[in-house]
Each structure stands twice: as C-alpha cells, then as structure tokens.
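Remarks on the structure that follows.
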Amino acid sequence: MGVVIVDGHPCVRLALSALVTEGTGITVLGEVADADEALRESRRTRAGLVITELSNGEPGFDADFLRRLKALPQSPRVLVFSGATAPSDVIAALSAGADSFVHKSTSCGRLVDAISKTHRGERVVWLREQETPQPSAPGDLSRAPDLTGRENEVLALLLRRYSNEEIAEQLVLAHQTVKNHVSSVFRKLGVGNRRELLRGTPPRTVPTPGIPQLETA
C-alpha cells in the first residue's frame with residue numbers, strides 16, 4: 001500500500017516524496033496539489049496512506065476533506081503534516097478522521113518514524129518542537145509536550161465520546177489511572193474539559209469492537 005502526498009507547494013511535495021522513498025521504502029503513488037485531485041488520486045491508486053496539509057487558509061484543506069478521504073471505498077490512513085498550533089486545529093483533524101498529526105517543526109528523522117508508524121496502523125500525535133521545553137500556557141500548543149502512547153490511546157477513545165469508565169474497561173486500566181491520563185491529555189492539548197475537546201465533533205456512533213493499534217509508551 002503506497003502513499004499519496006498532498007500539499008499546495010511543489011517544493012514541499014518534492015521533499016516529502018524523497019523523504020518517504022529514501023527513509024521508509026514505501027512507494028509514492030502520487031503527488032498532488034489540491035484536495036479534489038487528492039481524492040481522485042487516492043481512489044484511483046487505492047492508497048494506503050495519505051500525507052496532507054491541513055489549513056483553513058487554503059481552500060479544500062479542511063476537516064471536511066479528511067472526512068471525504070476516510071469515506072473512500074478503501075479508506076486510507078491519513079497523516080496530517082501541518083504548521084497549525086491551535087488546539088482547535090489539532091482536535092479538528094483527529095476528530096475528522098486523521099490517524100496522526102505531526103507539526104512541521106519536527107525533525108526529518110521523527111517525521112520518517114511517524115510516517116512508518118502511521119502506515120502500519122499506529123497513531124502518532126507530535127506537536128511543535130522546541131529546543132528547550134518550557135511550561136505551556138493554556139490553549140498554546142507551541143510549547144506542549146507530545147502525547148505518550150497511552151495518552152494517544154485515551155485520546156482516540158475520548159474522541160469517540162467514551163466515558164472514563166468505558167476507557168478503563170477498554171484499556172484494562174484502573175479508573176484513577178484513566179483520570180490521570182485524561183487530565184494530561186487535556187493539559188497537553190490546551191483544553192479544560194470534554195466539552196471543549198469535543199466541540200464541533202460528530203455525535204457518538206455505535207462503537208466497533210476494539211481500537212486500532214496505537215503507539216506504545
């Protein structure tokens with residue numbers, strides 16, 4: 001299962017293509033500049049992974065585009081590679097179906113790792129990197145640390161509107177442990193509670209058994 005790369009800038013597409021080819025060995029099936037072309041190419045090639053920008057400032061590169069990608073007959077995994085730092089942008093991407101979110105400040109080595117993990121079904125959430133970690137202000141992802149593997153699992157279930165009790169049962173964890181992870185996820189994503197996290201996300205649907213394999217801590 002190969003990769004389709006989506007970005008409005010030719011140099012970014014070229015760099016990502018070289019990085020995927022040389023760093024992962026995964027076949028690049030296509031490089032496209034806009035959302036409509038991305039949908040056509042992903043459908044035509046039956047891509048296993050789509051790497052895409054997400055920006056409300058660029059027509060088509062929005063949460064609706066991600067939902068349309070995931071609704072394709074052979075739903076590809078989606079890695080959002082974006083410069084966005086607002087909590088609402090990250091949460092919108094994940095709740096619209098993105099499997100992973102990687103900020104554009106990440107190193108080439110970490111990006112290659114994220115691409116490989118997402119391609120094989122793991123979830124990665126890597127926020128903006130800083131040379132010297134500092135305390136983050138509420139609502140500011142530019143200084144927020146990355147989510148751990150367990151926090152990624154908890155976030156995936158939070159976005160499905162699972163309660164703490166359901167998360168504990170699904171992940172076989174103590175309720176207090178789940179509360180601690182939920183609090184950490186909220187802090188790192190710059191939100192105060194479930195209402196803020198889930199604002200604008202679809203209502204809960206009947207869950208499917210199990211969850212995708214996620215990055216381990």
Side-chain angles (χ1 to χ4, degrees), residues 1-9 11-35 37-55 61 63 65-84 89-129 146-157 159-160 208-217:
M1 297 190 297
V3 177
V4 168
I5 295 169
V6 189
D7 197 284
H9 302 89
C11 289
V12 174
R13 295 197 302 272
L14 180 63
L16 284 173
S17 179
L19 200 64
V20 170
T21 301
E22 297 172 13
T24 70
I26 302 168
T27 302
V28 175
L29 302 173
E31 304 169 25
V32 299
D34 63 69
E37 191 177 0
L39 289 164
R40 289 193 295 270
E41 190 71 2
S42 299
R43 182 190 293 269
R44 184 186 70 80
T45 62
R46 300 170 67 86
L49 173 65
V50 174
I51 302 172
T52 182
E53 167 67 287
L54 182 70
S55 171
F61 289 98
F65 165 56
L66 298 182
R67 285 189 284 268
R68 292 166 67 195
L69 268 177
K70 298 299 285 188
L72 290 174
Q74 182 170 318
S75 176
R77 297 187 177 102
V78 177
L79 185 151
V80 170
F81 182 54
S82 175
D89 291 331
V90 180
I91 295 165
L94 296 173
S95 62
D99 298 280
S100 295
F101 185 101
V102 177
H103 191 269
K104 284 188 173 180
S105 66
T106 196
S107 67
C108 290
R110 293 192 81 196
L111 177 57
V112 166
D113 188 39
I115 292 169
S116 297
K117 286 180 176 179
T118 307
H119 186 258
R120 62 177 181 255
E122 300 180 40
R123 180 187 293 272
V124 176
V125 178
W126 285 343
L127 309 177
R128 181 176 177 179
E129 292 187 349
D146 297 330
L147 301 187
T148 66
R150 181 63 82 186
E151 288 166 355
N152 272 314
E153 293 179 324
V154 170
L155 175 60
L157 295 175
L159 291 173
R160 296 184 191 180
T208 54
I211 59 174
Q213 181 185 2
L214 305 178
E215 180 186 8
T216 55

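Sequential numbering from 1 along the given sequence is applied to the chain's residues.
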Name of the residue among Asp7, Val6, Leu111 meeting side chain to side chain contact (heavy atoms under 4.5 Å, CB included) with Phe81: Leu111
Result of checking Ile51, Thr118, Val50, Leu16 against Val3 for side chain to side chain contact (heavy atoms under 4.5 Å, CB included):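 Per the side chain to side chain contact (heavy atoms under 4.5 Å, CB included) rule, the option paired with Val3 is Ile51, out of Ile51, Thr118, Val50, Leu16.
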Got a second to check how far [X]'s [atom1] is from [Y]'s [atom2], nearest 0.5 Å?
{"X": "Glu37", "Y": "Glu31", "atom1": "CD", "atom2": "CD", "answer": "10.5 Å"}
{"X": "Phe101", "Y": "Thr106", "atom1": "CZ", "atom2": "OG1", "answer": "11.5 Å"}
{"X": "Asp113", "Y": "Ser107", "atom1": "CG", "atom2": "OG", "answer": "9.0 Å"}
{"X": "Glu22", "Y": "Ser17", "atom1": "CD", "atom2": "OG", "answer": "9.0 Å"}
{"X": "Lys117", "Y": "Arg77", "atom1": "NZ", "atom2": "CZ", "answer": "14.5 Å"}
{"X": "Leu49", "Y": "Ser42", "atom1": "CG", "atom2": "OG", "answer": "9.5 Å"}

Verdict with supporting geometry, Leu54 and Phe65, side chain to side chain contact (heavy atoms under 4.5 Å, CB included): CA-CA 9 Å; Leu54 182 70; Phe65 165 56; 5.7 Å; no
Ignoring hydrogens, what is the shortest heavy-atom contact between [X] and [Y]? Give both atom names and the distance.
{"X": "Asp99", "Y": "Val78", "value": "OD2-N, 2.7 Å"}
{"X": "Ala96", "Y": "Ala63", "value": "CB-O, 3.5 Å"}
{"X": "Leu155", "Y": "Leu94", "value": "CD2-CD1, 3.4 Å"}
{"X": "Leu29", "Y": "Glu41", "value": "O-OE2, 3.5 Å"}
{"X": "Ala47", "Y": "Pro76", "value": "O-CB, 3.4 Å"}
{"X": "Ser75", "Y": "Lys70", "value": "OG-O, 3.0 Å"}

Stepwise side chain to side chain contact (heavy atoms under 4.5 Å, CB included) check, Val124 with Asn152: CA-CA 7 Å; Val124 176; Asn152 272 314; 5.6 Å; no
His9 and Glu53, any side-chain heavy atoms less than 4.5 Å apart: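 No; the side chains remain at least 4.5 Å from each other.
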